[in-house]
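Being a predicted model, the structure only gives us computed values, none of them experimental.
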Amino acid sequence: MLYIGVDLGTSAVKLLLMDEKGTIHRVVSKEYPLFFPQPGWSEQRPEDWFSQTMAGLKELVADCDRSQVEGISFGGQMHGLVILDEKDQVIRPAILWNDGRTGEETDYLNQVIGKEKLSEYTGNIAFAGFTAPKLLWVKKHEPEHFAAIKKIMLPKDYLAYRLSGVHCTDVSDASGMLLFDVKNRCWSEEMCRICGVRMDQLAKVYESYEVVGTLLPQIAEELGLSENVKVIAGAGDNAAAAVGTGTVGDGKCNISLGTSGTIFISSREFCVDAHNALHAFAHADGSWHLMGCMLSAASCNKWWMDDILGTSDYAAEQAAIGGLGENHVFFLPYLMGERSPHNNPNARGTFIGMTMDTTRADMTQAVLEGVAFALRDSFEVAKSLGLKIEKTRICGGGAKSPLWRKIMANVLGIPVEQIESEEGPGLGGAILAAVGCGAFASVEEAAQKLVKAAGIEEPEAELAKKYEARYQQFKQIYPACRQLFDQIIFQD
């Protein structure tokens, strides 16, 4: 049988066709625009997601035996606010995960409602990218839109709705809304009251591997698929990527170097760090996970290469880099503000340490190292909880760089393991579809059978020692700049 995984990303939707043995038959990608109406704002049109997904699905199944397609599931960008009216029409463009407009609303939730209450109700505190602050922003600035809301949805769940006709979400994606009681895997009545949201405005919550419905007749006809094709709830992109890298069960770790960067640690038990620096979310395997999320990771390198250096030859730029662990230039990778562990939408990208002999390669190296150092900030929080992380897997576009993998292994001081497939959330979605269709008894069993390691980057003692010294310097830069960031944003 065949299973489809749909990875709804920030720049493109990536669709994957996999069989029950884990063989990937085809991958299709379709891009769509991203809009920045004001500095720090980030929006997309949900209709673009759907139209490009449909175009991608048609291409994906064009040459296969369509009668073999049994299920479809998703991995998707988290936190985005999609609001529908009583006719299920989109009310306004979706406000995305990396949108920083909700500073006042985030402060209100954290300081007036209080972080302790938020953590008690949801297991998390408010971050500017979360969905609940976005709802409060719409309530204040677009009251006519807020009053028209019939359903509140997340990006991938809008796709599931358009394919199946079911308003649904899953536990992992719902965890990032700040409306969800993560520990008990249900909506939080207290948070709904705080945000002025009715329970009937929220979608039904499923486990990530559960069937929510089947393809609508008109969708099935358009795609040439059976109406019996199952639609499985799916997961937020990071939980789906974790499934796709085999990061399920207890104590496993995965790093994702995509547009955003994450460090993801699976756990059979629900746990929260003292300052809620890491997200405590439900996992797609039926358990929980801790996650540190930085808003700009591989996108920092893309910005540096494409917009500043004006080159698309990333490998050539990295080939000029030498002297790992000895660079005197540092880079704070906060181009869209930052989430974990600083929770500061006003943070900004910063180079420091340049001299007259600083080279182009030094600057490029600083960008790669800055992302690794920032991920280590969250890694240190996880270690402070007593979690023993002996190695990590890695995925995302940035993971294709051997140099970046080497930097990551030595900055973290643990082995970094690649997997055979680089498909991350798309593969995770396909695996969830297979589990939902009964091909495997559990997500953990499916991951063990389908996900294979392909290579490992071991830390080098001397280099890791050099990076340890550099990290100790790096972690002093943000506190020194924090007040300046606030002043710069206030003047803007």
Side-chain angles (χ1 to χ4, degrees), residues 255 257 261 263 292 294 296-311 313-335 338 341-342 347-381 383 389 391-392 394 396-418 455-482 484:
I255 287 171
L257 287 180
I263 183 165
M294 55 186 298
S296 303
S299 54
C300 290
N301 193 43
K302 180 176 173 60
W303 161 80
W304 176 246
M305 294 292 170
D306 297 0
D307 298 339
I308 307 303
L309 297 185
T311 179
D313 195 344
Y314 291 21
E317 295 295 329
Q318 293 184 17
I321 293 173
L324 292 184
E326 299 173 358
N327 194 9
H328 59 272
V329 181
F330 291 92
F331 174 68
L332 298 187
Y334 309 143
L335 296 178
E338 190 53 301
H342 303 308
R348 289 294 179 261
T350 305
F351 282 104
I352 188 169
M354 290 84 74
T355 58
M356 285 297 291
D357 62 348
T358 293
T359 66
R360 173 171 172 147
D362 292 335
M363 304 286 280
T364 301
Q365 181 177 342
V367 171
L368 302 180
E369 291 173 338
V371 172
F373 287 143
L375 280 169
R376 179 165 168 184
D377 283 340
S378 291
F379 183 70
E380 291 299 314
V381 175
K383 285 167 60 178
I389 306 167
K391 68 177 180 179
T392 185
I394 192 166
K400 297 177 182 178
S401 164
L403 177 64
W404 215 345
R405 296 196 303 268
K406 183 173 184 176
I407 291 171
M408 197 67 64
N410 285 283
V411 167
L412 298 180
I414 57 174
V416 172
E417 190 174 55
Q418 294 173 267
I456 194 164
E457 183 73 47
E458 297 279 355
E460 304 168 17
E462 286 301 314
L463 183 53
K465 184 177 179 180
K466 290 180 180 179
Y467 270 127
E468 176 63 30
R470 293 295 177 189
Y471 173 68
Q472 294 305 322
Q473 295 173 324
F474 172 87
K475 71 179 187 179
Q476 298 178 58
I477 301 172
Y478 169 76
C481 295
R482 180 170 51 205
L484 181 59

Hey, does the side chain of [X] reach the backbone of [Y] with a donor-acceptor pair shorter than 3.5 angstrom?
X      : Y      : answer
Thr364 : Arg360 : yes
Trp404 : Leu368 : yes
Asn410 : Lys406 : yes
Gln476 : Gln472 : yes

Could you check Glu417 against Thr392 for side chain to side chain contact (heavy atoms under 4.5 Å, CB included), going step by step and ending with a plain yes or no? CA-CA 6 Å; Glu417 190 174 55; Thr392 185; over 6 Å; no
If I take atom [atom1] from residue [X] and atom [atom2] from residue [Y], how far apart are they, to the nearest 0.5 angstrom?
X      : Y      : atom1 : atom2 : value
Ile389 : Lys383 : CD1   : NZ    : 8.0 Å
Cys481 : Arg348 : SG    : CZ    : 13.0 Å
Gln365 : Glu326 : CD    : CD    : 8.5 Å
Glu457 : Lys391 : CD    : NZ    : 14.5 Å
His342 : Asp377 : NE2   : CG    : 4.5 Å
Leu412 : Phe373 : CG    : CZ    : 10.0 Å

Just one of Phe330, Tyr334, Trp304 clears the ring-ring contact (aromatic ring centres under 6.0 Å, His included) bar with Phe351, so which one? Trp304
Would a 4.5 Å heavy-atom cut-off, applied to side chains only, mark [X] and [Y] as touching?
X      : Y      : answer
Val416 : Ile456 : no
Phe331 : Met363 : no
Ile352 : Val329 : no

Between Glu369 and Arg470, is there a salt bridge with N-O shorter than 4.0 Å? no
Residues passing the side-chain contact (heavy atoms from CB on, under 4.5 Å) test with Ser299, sequence neighbours excluded, are Thr259, Ser296
Lys/Arg cation over aromatic Tyr471: Arg376, 6.0 Å, 45° cone: yes
Not counting sequence neighbours, which residues clear salt bridge (charged side-chain N to carboxylate O under 4.0 Å, His left out) with Lys465? List them please. none
Side chains of [X] and [Y]: do they bring a donor and an acceptor to under 3.5 Å?
X      : Y      : answer
Asp357 : Thr355 : yes
Tyr478 : Glu338 : no
Ser401 : Gln318 : yes

Are Glu380 and Lys475 close enough, and set up right, to give a salt bridge (Lys or Arg N to Asp or Glu O under 4.0 Å), and what steps lead you there? CA-CA 11 Å; Glu380 291 299 314; Lys475 71 179 187 179; over 6 Å; no
For side chain to side chain contact (heavy atoms under 4.5 Å, CB included), just list the numbers for Ile394 and Leu257, CA-CA rounded to whole Å, side-chain angles, deciding distance to a tenth of an Å, and then say yes or no. CA-CA 8 Å; Ile394 192 166; Leu257 287 180; 4.0 Å; yes
Taking all heavy atoms of [X] and all of [Y], pick out the closest pair and write down the distance.
X      : Y      : answer
Asp306 : Thr311 : OD1-O, 3.4 Å
Ala374 : Pro333 : CB-CG, 3.8 Å
Ala298 : Gly398 : CB-N, 4.3 Å
Ala372 : Ile407 : CB-CG2, 3.9 Å
Asn327 : Ala366 : ND2-N, 3.4 Å
Phe474 : Gly370 : CZ-O, 4.0 Å

Apply side chain to side chain contact (heavy atoms under 4.5 Å, CB included) to the pair Leu324 and Lys466, showing each step before the final yes or no. CA-CA 8 Å; Leu324 292 184; Lys466 290 180 180 179; over 6 Å; no
